[in-house]
Amino acid sequence: MLDIRLIRDNAEQVKQRLAGRSGDFASLVDEVLAIDTQRRAAETERQKLQSDRNRISKEIGMAKKSGQDTSAIEAEVRGIGTRIDEIGREADVADARQRDLLLSIPNLPHEACPVGESAEQNPEVRVWGTKPEFAFEPKDHTHVAGALGMIDFEAGAKISGSAFVVYRGAGARLERALISFLLDLHTTQHGYEEISPPLLVKSECLVGTGQLPKFGDQVYHSAADDLYLIPTAEVPVTNLHRDEIVAHEKLPINYAAYTPCFRREAGSAGLGTRGLIRMHQFDKVELVKITTPETSMAELESLTANAEKVLQLLGLHYRVIELCTGDIGFGSAKTYDIEVWAPGQGTYLEVSSCSNFGDYQARRMNLRYKDENGKNRIPHTLNGSGTALARLFVALVETYQQADGSILIPEALRGHFGAGKIG
RNA sequence: GGUGAGGUGGCUGAGUGGUCGAAAGCACAUCUUUGCUAAAGAUGCGUAGCCUUAUCCGCUACCGAGGGUUCGAAUCCCUCCCUCACCGCCA
């Protein structure tokens, strides 16, 4: 959520920076400005009337004590009460409308965010490793892992429908090994605290991180309980500190969480047709940071480096791209995507999206921190996958497949997996 | 799911209709004094909104949440949520 004062005082600048995004938000800014004027006028009027009522009510109390008749003056205050109700409703409606509008305006892209219209203009930041060479035609992971009995799409479809999968045997074990490899790496080498959160959350959490109200059709919802299945651990983990004032000594806060992620993928083309690449449910280890505004950009670099380390240790070729203003996520101010090479696909797959949200999420969830001078300030929040599992699984299987159909397990993972190869 | 007890400021905890945003204690900050690894005293110390050139002043709201009664609600009434205990059920 943007600061209404920022919009009020720098409307043109705000519009200009939002213009870099895809979509037109200038009219929303105008609308919020208009409602803000209305809201403040009503609020001022209401408070003046309340002040009158408080004063007169006090006089009634004192008059009654001294035995005077107060019926005339009571009637007068009744009139004020009616007026307060009327103007109060007006103020409340305007206030709610203003909040709705603010919640549907995306974050301002950071000055450091490259300007561009779409994904084609995302600059490549760096490349690690090289595309592996094969003495044979590398196969798709569905064939390699399918032949070894590691994944079963038919079983997934039978139980839950399309775009669900059952991992089994070495596949299930590989998935589990990856999860503990990732968590161990981030908690013991990178200084993150491990979190295992609930997978069902209240709507407030989704508003806090920005999925609601705009993207409600992408999350699973249990109407009977009004709870939502998390689309990413970002939601419960960042909201751990919703409505809190955190002491500055605690910053930066670093959390790592493994959770399954649930996404409806409504309207996604090609859902489930490319093996494990786009599923309704997938595992992910998420990294979340809460930092001071001064350090958030440096923390974005370290968070991204922490995620990259995963691919380096597994010996997987990848590239890092920076999202341009036209491609950046709704709440993000600056984002790096890490894309791993999948030889069987002949393409790079996004396995991590590392974003600095600035104060956008923190303001939505009323998260603050007390600085060195005892002043309440709004911290910055960041998150990134470290990394998504299903696609990591794809890259691993496709990169380490052998001519005989077996899969080699990279050195770094052998301790967790308990073997050097599959098949 | 049932029954009972509760939800007050960073914490503990008073407060059952009228100068209560709320006593007191603890914690914290600044200052003073004695002195020295501590003690005593003074002062200050919640959040948000409105007004405003202003983080001054002033005003408003907030005592789990939302409604209601009343001239006036932390205090009375209703609904809901949460915590704790016991029972039931259960991985």
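So that the names make sense, note that chain A is the first sequence line, chain B the second, and so on, each numbered from 1. Predicted model, so just to flag it, every value in this text is computed and none were measured.
For the atom pair CD of Glu286(A) and OG1 of Thr238(A), the computed distance is 7.5 Å after rounding to the nearest 0.5 Å.
For C63(B) and G15(B), the C1' atoms lie 10 Å apart once the distance is rounded to whole Å. A27(B) and A42(B) have their P atoms separated by 15 Å, with the value rounded to a whole Å. As rounded to the nearest Å, G10(B) and U34(B) have C1' atoms that lie 31 Å from one another. Taking atom C1' on both U47(B) and A22(B), the two are 15 Å apart, rounded to the nearest angstrom. With C1' as the reference atom, U16(B) and C77(B) are 14 Å apart, rounded to whole Å. Separating the P atom of G6(B) from that of U75(B) is a span of 16 Å, rounded to the nearest Å. Using atom P as the reference point in both C82(B) and G66(B), the two lie 16 Å apart (nearest Å). Taking atom C1' on both U3(B) and A61(B), the two are 37 Å apart, rounded to the nearest angstrom.
In this model, the phosphate group of U52(B) is not approached by any side-chain N or O of Arg5(A) to a distance below 4.0 Å at OP1 or OP2. In this structure, Ser57(A) does not reach the G18(B) phosphate: none of its side-chain N or O atoms is under 4.0 Å from OP1 or OP2. Between Asn54(A) and A61(B) there is a side-chain N or O to OP1 or OP2 distance below 4.0 Å. Listed pair Lys48(A) / G58(B) fails the phosphate criterion, with no side-chain N or O lying under 4.0 Å from OP1 or OP2. Residue Arg368(A) has a polar side-chain atom (N or O) positioned under 4.0 Å from OP1 or OP2 of A48(B). For G49(B), neither phosphate oxygen OP1 nor OP2 lies less than 4.0 angstrom from any side-chain nitrogen or oxygen of Arg40(A).
Here U60(B) presents its P atom at 21 Å from CD of Glu90(A), a figure rounded to the nearest Å. Taking atom CG of Asp371(A) as the reference point, atom P of U55(B) lies 16 Å away to the nearest angstrom. At whole-Å resolution of the value, CZ in Arg78(A) and C1' in U70(B) are 9 Å apart. Remark: C1' of A48(B) and CD1 of Ile245(A) are 10 Å apart, rounded to the nearest angstrom. Ile84(A) places its CD1 atom 8 Å from the P atom of G72(B), with the value rounded to the nearest Å. Atom CD of Gln98(A) and atom C1' of C50(B) are 13 Å apart (whole Å). Rounded to whole Å, atom P of G49(B) lies 21 Å from atom CG of Leu49(A). The interatomic distance linking Asp95(A) (CG) with U60(B) (C1') rounds to 14 Å, in whole Å.
Nearest to the side-chain atoms of Arg53(A) among the listed nucleotides G72(B), C51(B), U60(B) stands G72(B). The side chain of Gln47(A) has C59(B) as its nearest neighbour among U47(B), C71(B), C59(B). Side chain of Ile60(A), nearest nucleotide from C71(B), G49(B), A48(B): C71(B). Nearest nucleotide to the side chain of Asn376(A), out of C71(B), A48(B), U60(B): A48(B). For Lys370(A), whose side chain is taken as the heavy atoms from C-beta onward, the closest listed nucleotide among U47(B), G49(B), C71(B) is U47(B).
Applying the Watson-Crick and G-U wobble criteria (two distances, each under 3.5 Å), U83(B) pairs with A5(B). Under the Watson-Crick and G-U wobble criteria, each requiring two contacts below 3.5 Å, nucleotide C59(B) is paired to G49(B). U43(B): Watson-Crick or G-U partner is A29(B), with both key distances under 3.5 Å. When both distances must be under 3.5 Å, the Watson-Crick or G-U wobble mate of C89(B) does not exist. Using the Watson-Crick or G-U wobble rule with both distances under 3.5 Å, C76(B) pairs with G68(B). Applying the Watson-Crick and G-U wobble criteria (two distances, each under 3.5 Å), A24(B) pairs with U12(B).
Nearest-nucleotide mapping onto RNA chain B: of Ile73(A) and Lys202(A), the residue sitting toward the 5' end is Ile73(A). Both Arg39(A) and Gln50(A) sit near RNA chain B, but only Arg39(A) has its closest nucleotide nearer the 5' end.
For the ring-ring contact (aromatic ring centres under 6.0 Å, His included) test with Tyr255(A), the passing option among His186(A), His190(A), His241(A) is His241(A); the others fail.
Checking Asp140(A) against Gln345(A) by side-chain atom types alone, a donor-acceptor pair falls below 3.5 Å. His280(A) and Tyr220(A) share a donor-acceptor pair across their side chains, judged by distance under 3.5 Å alone.
If you check every strand for non-hydrogen atoms under 4.0 Å, Arg8(A) touches sugar and phosphate atoms only.
Here Asp92(A) does not pair with Arg89(A) in a salt bridge; the nearest charged N to carboxylate O distance is not below 4.0 Å. Using a cut-off of 4.0 Å between Lys/Arg side-chain N and Asp/Glu carboxylate O, Glu398(A) and Arg391(A) are scored as not salt-bridged.
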Kindly indicate, with the supporting measurements, whether the criterion ring pair (Phe, Tyr, Trp, His ring centres under 6.0 Å) is fulfilled by Tyr228(A) and His221(A). CA-CA 4 Å; Tyr228(A) 295 80; His221(A) 179 223; 4.2 Å; yes
Hey, mind stepping through Tyr167(A) and Met150(A) against side chain to side chain contact (heavy atoms under 4.5 Å, CB included) and telling me if it holds? CA-CA 6 Å; Tyr167(A) 291 88; Met150(A) 297 166 67; over 6 Å; no
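The base of G72(B) is not paired with the side chain of Glu74(A) by any donor and acceptor separated by under 3.5 Å.
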